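Report on the structure given below.
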Amino acid sequence: MPQGHYTALERTMFLDHCSDAHLKIWEANVAVHRRGLELIRPGAKCSDIAQELNHMFAEFGLLKYRTFGYGHSFGVLCHYYGREAGLELREDIDTVLEPGMVVSMEPMVTIPEGQPGAGGYREHDVMVINQDGSVDNITGFPFGPEHNIFKK
């Protein structure tokens, strides 16, 4: 069986136009995502990552729209087979990240219909923590408004 990892492509995208209200929320989610990517390192505690990102969402006024944790472990075949409950990037998980782990970073907020910027915002990357302490992002697809507003 070939070695490798499953990855997913989950990105916020717009077609033709992104309103100012949508752009503001999208950029906030991207800022949280970028910080989350920086925090995934050997020795980082899952709960500490979640708490720092919660603080960012709170500063943006978006914490109440967060829908689930910030990431999770991965198996080799898919994101469910081999997934560990003790390796979720949530406030109640004190697992320390180590070389050899594969985790996602995927902040998401959902703004209810009828509110400015209504919709779902999610960026998702899969990170491999290497034995030398470096971290590889294996998703390989750009994120954010500068890349994902598409024209017809």
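Not measured: the values here are computed from a predicted model.
- Nearest heavy atoms, Leu89 versus Ile49: CD2-CD1, 4.2 Å.
- Within 6.0 Å of CG on Asp20 lie no more than 12 heavy atoms contributed by other residues, nucleotides or ligands.
- Inter-residue side-chain proximity for Ser47 and Asp92 is flagged as unmet; no heavy-atom pair is nearer than 4.5 Å.
- Counting only N and O atoms by type, the side chains of His33 and Glu123 include no donor and acceptor under 3.5 Å apart.
- Remark: the backbone N or O of Ile138 is not paired with any side-chain donor or acceptor of Asp136 at under 3.5 angstrom.
- Counting heavy atoms from C-beta outward, Thr12 and Asn148 have side chains that stay 4.5 Å or more apart.
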Step-by-step salt bridge (charged side-chain N to carboxylate O under 4.0 Å, His left out) determination, Asp125 to Arg11: CA-CA 9 Å; Asp125 285 300; Arg11 294 285 190 248; 2.8 Å; yes
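- A heavy-atom distance below 4.5 Å is found between the side chains of Pro145 and Leu23.
- Under the 4.5 Å side-chain heavy-atom criterion for Ile, Leu, Val, Met, Phe, Trp and Tyr, Leu63 and Ile25 are members of the same hydrophobic cluster.
- With contacts defined as side-chain heavy-atom distances shorter than 4.5 Å, the pair Phe143/His124 does not qualify.
- Closest approach of Leu62 to Val109, counting heavy atoms only: O-CG1, 3.9 Å.
- Taken to the nearest 0.5 Å, the NE2 atom of His147 stands 11.5 Å off from the CE atom of Met13.
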Asp94 vs Cys46, side-chain contact (heavy atoms from CB on, under 4.5 Å): CA-CA, chis, key distance, verdict: CA-CA 6 Å; Asp94 290 325; Cys46 294; over 6 Å; no
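- By the neighbour-count criterion of 12 heavy atoms within 6.0 Å, atom CD of Glu113 is sparsely surrounded, having that number or fewer from other residues, nucleotides or ligands.
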Test side-chain contact (heavy atoms from CB on, under 4.5 Å) applied to Phe60 and Asn29, step by step: CA-CA 9 Å; Phe60 289 123; Asn29 197 59; over 6 Å; no
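- You'll find the side chain of Tyr121 stays beyond 4.5 Å of the side chain of Thr110, heavy atoms only.
- In summary, the side chains of Glu59 and His55 do present a donor paired with an acceptor at a separation below 3.5 Å, with no hydrogens or angles considered.
- Between Ile129 and Arg41, the closest side-chain pair of non-hydrogen atoms is not below 4.5 Å.
- Side-chain contact check for Leu87 versus Ile93: every heavy-atom pair is 4.5 Å or farther apart.
- Gln115 and Tyr65 make their closest contact through OE1-OH, 2.9 Å (heavy atoms, listed as atom of the first residue, atom of the second, distance).
- Using a 4.5 Å cut-off on side-chain heavy atoms (C-beta onward), Met127 and Val102 make no contact.
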Stepwise salt bridge (charged side-chain N to carboxylate O under 4.0 Å, His left out) check, Arg66 with Glu91: CA-CA 13 Å; Arg66 191 187 113 198; Glu91 302 83 343; 2.7 Å; yes
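- Closest heavy-atom contact between Pro112 and Ala118: O-CB, 3.3 Å.
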Derivation of the side-chain contact (heavy atoms from CB on, under 4.5 Å) call for Ile40 and Val103: CA-CA 8 Å; Ile40 294 177; Val103 296; 3.8 Å; yes
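- For the residue pair Tyr70/Glu52, the side-chain donor-acceptor check at 3.5 Å is not satisfied.
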